[in-house]
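What you see is a predicted model; the values in this text were computed from it and never measured. Chain identifiers are assigned alphabetically (A, B, ...) following the order of the sequence lines, protein sequences preceding nucleic acid strands; residue numbering begins at 1 within each chain.
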There are 2 protein chains.
Amino acid sequence: MSNQIPTPSLKRIPMYYRELKRAMENGTNFVNSTQLGEALGIPSTQVRKDLSYISEQGRPGVGYNTATLTNTLEKYLGLHLPKKAVLAGVGNLANALIHFPGFHLYGIDICLLFDNDPEKIGKTLADKEIHHIDEIGLLLKKVKVSIGIITTPAVSAQSVAQKMIAGGITSIWNFSPITLLCPGNIFVLNQDLSMEMAILSHSVINMTNLD
Amino acid sequence: MSNQIPTPSLKRIPMYYRELKRAMENGTNFVNSTQLGEALGIPSTQVRKDLSYISEQGRPGVGYNTATLTNTLEKYLGLHLPKKAVLAGVGNLANALIHFPGFHLYGIDICLLFDNDPEKIGKTLADKEIHHIDEIGLLLKKVKVSIGIITTPAVSAQSVAQKMIAGGITSIWNFSPITLLCPGNIFVLNQDLSMEMAILSHSVINMTNLD
DNA sequence: TAGATTGTTAATCGATTAACAATC
DNA sequence: TAGATTGTTAATCGATTAACAATC
């Protein structure tokens with residue numbers, strides 16, 4: 001029963017959530033599928049369809065109660081639950097991520113940092129000590145961590161992933177430019193920014209090519 | 001004729017390119033669709049289908065010439081052409097992006113930085129001066145820039161986008177947590193990391209829920 | 001009640017994939 | 001020639017959307 005929501009729909013749920021939070025801030029008590037859709041560039045039918053996978057809380061003639069729906073989506077996405085993460089590869093990207101307010105807002109706590117550069121071991125970033133990657137197994141025995149963030153160069157990524165998985169991590173956010181080979185029960189979210197950059201490049205070419 | 005490649009296929013092209021570059025480094029002269037597919041977790045039929053939108057360079061019984069195909073994809077994505085970009089919102093994320101090697105490798109040059117914080121104006125990041133956002137129109141008259149990168153907070157993003165568009169920018173990489181309202185001829189690539197974070201959170205919940 | 005909007009069915013649209021003739 | 005792999009057709013699968021009865 002748990003997973004018959006289509007992947008494209010699932011990926012839109014966070015957008016609805018983001019928009020609902022904004023509606024909350026504006027003091028809007030009810031939103032309808034047309035309003036949500038227009039704010040996000042999505043047809044209202046699709047909004048209703050997507051939400052129907054999760055809730056049944058819309059009121060015909062009225063719309064969705066902002067607070068109730070926000071809460072439902074928050075629960076569905078698990079944002080209300082505290083989740084621990086570790087990060088490996090302490091470079092500029094790691095620095096940006098660790099200061100990113102989103103983690104805290106979405107219930108994710110980056111509690112451990114790792115690197116393999118002797119220069120960095122023992123130093124801190126955002127008040128968190130940087131450990132040697134070889135210590136990850138030992139340290140993960142002490143805390144239950146579900147999320148691993150990989151911001152290492154390509155060459156280290158696969159071995160880091162394996163160490164994380166050995167330590168009990170089940171979800172990986174992979175910023176490195178490599179396809180990780182992982183067991184099927186591990187959730188891998190790939191985020192190689194170069195891939196997006198290439199699409200951006202393509203868009204520039206095609207802009208000038210036509211219309 | 002130019003755009004009948006399906007969006008999902010287009011999004012996979014950069015992955016093929018990345019993998020081909022790796023094959024080049026390994027000195028592999030030919031790759032076949034099965035190899036490419038296995039490296040990326042994609043069925044070989046889909047690899048051939050995707051590539052067929054762009055090239056017709058595979059040789060039955062042999063596969064694809066690594067160098068030739070790399071070159072074809074590079075051209076298709078426009079990576080070989082120099083492209084100029086500006087960035088608005090000089091925070092931690094901007095710092096990570098500007099030091100990201102990908103831009104250079106993919107032919108993108110971030111040539112101008114903008115912010116609205118008086119503290120930052122006149123200072124430099126990676127040897128580039130930070131200008132006030134209000135100067136963007138003036139400065140864009142001097143250089144032809146096609147890409148705008150928005151790493152500002154949500155509240156400034158829409159107005160920044162408008163200024164970029166007024167300055168002749170046609171492709172926007174939007175890291176801010178807001179849906180930009182832009183004319184239809186502007187290409188917008190949204191990259192709110194919170195959206196991915198929410199999916200990651202959801203994966204953690206569903207991991208523990210079942211199997 | 002009249003008007004508005006939901007949730008869902010069925011039709012449409014589009015992407016994936018199996019299968020195989022063509023060809024190196 | 002025999003074996004391997006392409007490019008493409010047609011079948012399948014899955015997502016989007018139009019339409020509308022149900023309902024607030």
Any side-chain to backbone donor/acceptor pair from Q158(B) onto L181(B)? Under 3.5 Å, distance only. yes
Is a donor from one side chain sitting under 3.5 angstrom from an acceptor on the other, for E74(A) and Y17(A)? yes
Give the rounded distance in Å between these two atoms: CD1 of I54(B) and C1' of dG7(D). 14 Å
Distance-only side-chain donor-acceptor flag, T72(A) / S55(A), under 3.5 Å: no
Base paired to dA10(C) (Watson-Crick or G-U; both N/O distances under 3.5 angstrom): dT17(D)
Under 4.0 Å from OP1 or OP2 of dG7(C): is there any side-chain N or O of Y64(A) that close? yes
Which whole-number value in Å describes the distance from Q57(A) CD to dT5(C) C1'? 16 Å
Using a 4.0 Å heavy-atom cut-off to protein, can you give one letter per nucleotide of nucleotides 14-22 of chain C, 5' to 3': B if the base is in contact, S if only the sugar-phosphate is, - if neither? -SSBBB---
Hey, is NZ on K128(B) packed in by over 12 heavy atoms from elsewhere, all under 6.0 Å? yes
Mate of dT23(C) where both pairing distances stay under 3.5 Å, Watson-Crick or G-U: dA4(D)
Please classify the nucleic acid contact of T34(A) as base, sugar-phosphate, or nothing, using heavy-atom distances under 4.0 Å. nothing
Looking at every non-hydrogen atom in both residues, tell me the closest pair between M195(B) and R18(A) and how far apart they are. CE-CD, 3.6 Å
Base, sugar-phosphate or nothing for S33(A)? Non-hydrogen atoms, less than 4.0 Å. sugar-phosphate
Rounded to whole Å, the CG-P distance (N32(A) to dG7(C)) equals 11 Å
Hey, are S201(A) and K83(B) close enough side-chain-wise for a donor-acceptor pair under 3.5 Å? yes
